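Both ligands and their constituent atoms are indexed starting at 1 by order of listing. Computed from a prediction, not measured in an experiment: that's the story for all the values here.
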Amino acid sequence: MSKPKPDKPEQTGLSRRAIIKGALAGSAVAATSLTGPALAGPESVARYFDAVVVGGGLSGLAAALELKRQGKSVLVLEARNRVGGRVFSFNSPGQFQHLTVDGGAEFIGDPQLRMMELAQRYSITPVPTFNQGRNIYYRRAKATTFNAQGPFGAVPIDYGVFQLAIAQEAIRAESKRFPVGKPWLHPKAEYYDQMNFERWIIKHIVSNAARNLMRLFCSSLLSVHPSEVSALFMFHYVAAAGHEDLNGSPEALSNVEARLNGADIGGGQQYILEGGAQQFAWALLQEFLTDYTSKPLGQPRYDTSVLPDFDRNSERYFEYQSGLALQLESPVRKINKDQDSGIFTLQSDRLRVETQQVIVALPPAVIKNIEFNPALPAGRMQLHDRMPMGSIAKAMIYYETPFWKEQGLTGQVISDLSGDSGPIDVIYDNSPQPTADMPNPPGILIGFISGKAMRELDNLTNQVDAEQDGSGDFYQQVRERCINSLVQYFGEDAGADHVLDFALNRWDDEIWSRGGPTGIGTPGVITGFWEQHLREPLNGLYWAGTETADYWAGYMEGAVRAGIRAARETL
Ligand SMILES: Cc1cc2nc3c(=O)[nH]c(=O)nc-3n(C[C@H](O)[C@H](O)[C@H](O)COP(=O)(O)OP(=O)(O)OC[C@H]3O[C@@H](n4cnc5c(N)ncnc54)[C@H](O)[C@@H]3O)c2cc1C
């Protein structure tokens with residue numbers, strides 16, 4: 001028997017503001033158990049939306065906004081108690097509460113056209129990443145420095161640098177003609193997809209120093225060892241670091257500033273965002289939920305005073321205009337489809353909703369948390385198994401001043417983690433600019449812990465609570481180790497006596513991310529699964545999320561691009 005199409009929103013009284021009360025746990029990341037009981041029983045009567053977006057990260061929010069522009073009623077279901085997903089800005093600890101730092105994504109750059117557009121649209125200010133002076137390269141338990149503006153940019157002058165330059169040229173040549181978004185069309189797709197990137201490194205580079213630098217290139221981008229990713233995936237990642245008029249290059253991907261034929265083309269680490277990257281999520285949400293674009297031009301278009309205040313507001317359900325809504329703390333557990341009517345029923349912890357179109361805006365590894373009925377095609381499920389997340393955390397270390405600047409250093413470090421320098425392998429300067437209110441701002445270094453070093457820390461303990469309040473053994477141990485890393489790189493000026501505060505943001509232990517920065521392509525996944533499954537719609541199911549993007553897959557830019565693309569596919 002075919003199921004009748006449920007009533008449209010206006011007929012079910014959707015415009016009535018529905019509020020589900022509950023305390024929000026500050027800005028801390030929700031740690032809802034996957035298997036534990038739901039926080040509140042789902043509404044027994046399903047409500048209908050034209051489209052439902054699963055996931056309130058940048059991709060889901062960009063999709064929701066695009067669907068709104070199509071005139072559809074839209075609901076975003078988000079598992080956490082906040083929007084933004086892998087973009088998460090929080091107040092610094094202790095005396096620096098007034099300073100926002102990014103525990104997840106933070107950099108954007110000129111080649112990321114959508115992010116630059118959004119920054120302008122929402123008056124979010126990109127601040128150039130500090131890049132004046134010398135970078136530190138730590139290898140074989142020894143720190144050396146090199147000019148950040150030198151001929152090789154972020155690549156240190158090491159024994160193997162010329163070999164590395166040749167290998168990079170090979171990647172650049174691949175990149176120029178690479179079919180971005182469709183890597184399976186590369187003439188040697190099978191060959192490169194069967195090969196892991198470590199094998200490619202061994203095959204093309206002889207010098208150990210250059211091999212190490214290429215390994216660092218991979219692990220600093222993906223937070224995994226090169227043996228874990230397909231060489232084809234790596235080439236695609238590089239080629240995708242551009243836009244429709246210019247394919248990417250290793251420099252555009254990993255440099256603060258990249259040049260091409262003498263011209264400045266910007267780079268993936270070019271700017272950080274004043275006030276934090278999560279403003280993109282709040283601004284997209286604000287535009288989705290309100291008639292935001294009607295503001296006159298010339299005025300700031302992103303107005304925090306009218307944003308839903310997630311920290312203090314005890315509502316988890318935001319319904320602004322008829323047919324537009326966001327439900328937080330509402331992980332989707334099941335997506336059932338009635339084969340006769342084509343109607344999907346989504347079961348989340350707080351709502352049961354019906355719709356004809358579902359956009360799933362999650363990393364592939366996280367989609368596995370959802371039970372689909374009927375089951376997804378075998379290839380789609382296997383794709384989820386073959387795109388695991390990298391292992392990553394970010395540490396923020398606060399000093400009275402950015403002392404490294406006085407030493408002519410940028411604050412940037414890359415390290416092979418030799419000696420006992422671990423766990424931080426990549427560092428950037430995140431110090432705020434002096435202002436009238438804060439003429440002497442503190443120095444802030446952000447350190448990435450990734451891949452093997454992160455897995456070792458993950459294995460240390462499961463004391464998640466202790467970590468969050470900053471008092472547990474795990475947290476103290478990580479703090480000590482991170483400060484030790486910095487002492488190896490910067491000397492005693494970076495020592496514990498000089499550290500004013502410390503913060504840590506882990507991702508591997510978050511069930512709604514399972515790591516970061518992105519889902520990686522293991523050998524064989526592109527040629528075996530991508531063409532058929534990565535973004536191919538499935539009778540009303542559409543796939544967003546940065547992992548499905550063409551350009552800048554793995555980045556905020558890719559997330560936004562993928563969200564818009566998936567929403568347009570619904571037409
Ligand atoms: C440490 C770190 C540093 C990074 N640095 C940068 C950077 O400098 N620049 C850059 O551009 N990118 C960076 N990235 C990558 C960037 O954060 C991501 O590419 C981007 O944010 C992905 O957005 P998304 O919407 O595709 O996915 P996500 O942000 O993962 O969004 C998915 C959303 O779905 C929710 N969800 C999960 N399961 C369910 C469910 N069952 N039901 C409902 N909701 C669910 C999640 O809570 C989440 O909000 C970084 C990432 C990390 C982790």
Give a table of atom pairs where an N or O of ligand 1 lies under 3.5 Å from a protein N or O.
{"unit_1": "ligand 1", "atom_1": "8 (O)", "unit_2": "Glu106", "atom_2": "N", "d": "3.1"}
{"unit_1": "ligand 1", "atom_1": "8 (O)", "unit_2": "Phe107", "atom_2": "N", "d": "2.9"}
{"unit_1": "ligand 1", "atom_1": "9 (N)", "unit_2": "Phe107", "atom_2": "O", "d": "3.0"}
{"unit_1": "ligand 1", "atom_1": "11 (O)", "unit_2": "Met556", "atom_2": "N", "d": "2.8"}
{"unit_1": "ligand 1", "atom_1": "17 (O)", "unit_2": "Arg86", "atom_2": "O", "d": "3.3"}
{"unit_1": "ligand 1", "atom_1": "19 (O)", "unit_2": "Gly554", "atom_2": "O", "d": "2.9"}
{"unit_1": "ligand 1", "atom_1": "19 (O)", "unit_2": "Tyr555", "atom_2": "N", "d": "3.4"}
{"unit_1": "ligand 1", "atom_1": "19 (O)", "unit_2": "Tyr555", "atom_2": "O", "d": "3.4"}
{"unit_1": "ligand 1", "atom_1": "25 (O)", "unit_2": "Leu58", "atom_2": "N", "d": "3.2"}
{"unit_1": "ligand 1", "atom_1": "25 (O)", "unit_2": "Ser59", "atom_2": "N", "d": "2.9"}
{"unit_1": "ligand 1", "atom_1": "26 (O)", "unit_2": "Thr546", "atom_2": "N", "d": "2.8"}
{"unit_1": "ligand 1", "atom_1": "27 (O)", "unit_2": "Arg86", "atom_2": "NH2", "d": "3.0"}
{"unit_1": "ligand 1", "atom_1": "29 (O)", "unit_2": "Arg86", "atom_2": "N", "d": "2.8"}
{"unit_1": "ligand 1", "atom_1": "30 (O)", "unit_2": "Arg86", "atom_2": "NE", "d": "2.8"}
{"unit_1": "ligand 1", "atom_1": "30 (O)", "unit_2": "Arg86", "atom_2": "NH2", "d": "3.3"}
{"unit_1": "ligand 1", "atom_1": "41 (N)", "unit_2": "Val332", "atom_2": "O", "d": "3.1"}
{"unit_1": "ligand 1", "atom_1": "42 (N)", "unit_2": "Val332", "atom_2": "N", "d": "2.9"}
{"unit_1": "ligand 1", "atom_1": "44 (N)", "unit_2": "Ala79", "atom_2": "N", "d": "3.1"}
{"unit_1": "ligand 1", "atom_1": "47 (O)", "unit_2": "Glu78", "atom_2": "OE2", "d": "2.6"}
{"unit_1": "ligand 1", "atom_1": "47 (O)", "unit_2": "Arg80", "atom_2": "NH1", "d": "2.9"}
{"unit_1": "ligand 1", "atom_1": "49 (O)", "unit_2": "Glu78", "atom_2": "OE1", "d": "2.6"}
{"unit_1": "ligand 1", "atom_1": "49 (O)", "unit_2": "Glu78", "atom_2": "OE2", "d": "3.2"}
{"unit_1": "ligand 1", "atom_1": "49 (O)", "unit_2": "Gly85", "atom_2": "N", "d": "3.4"}

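Take Asp385 and apply the side-chain hydrogen bond (donor to acceptor under 3.5 Å, both in side chains) test, not counting sequence neighbours, and it matches Lys368.
Note on Glu66 versus Arg568: salt bridge recorded, some NZ/NE/NH1/NH2 to OD/OE distance being below 4.0 Å. Under the 4.0 Å criterion applied to side-chain N and carboxylate O atoms, Asp508 and Arg455 are not assigned as salt-bridge partners.
Here Phe502 and Tyr475 bring their ring centres to under 6.0 angstrom of each other.
The shortest heavy-atom contact between Glu569 and Pro537 is OE1-CG, 3.8 Å.
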* **Derivation and outcome, side-chain hydrogen bond (donor to acceptor under 3.5 Å, both in side chains), residues Asn131 and Gln270** => CA-CA 9 Å; Asn131 200 36; Gln270 195 174 355; over 6 Å; no
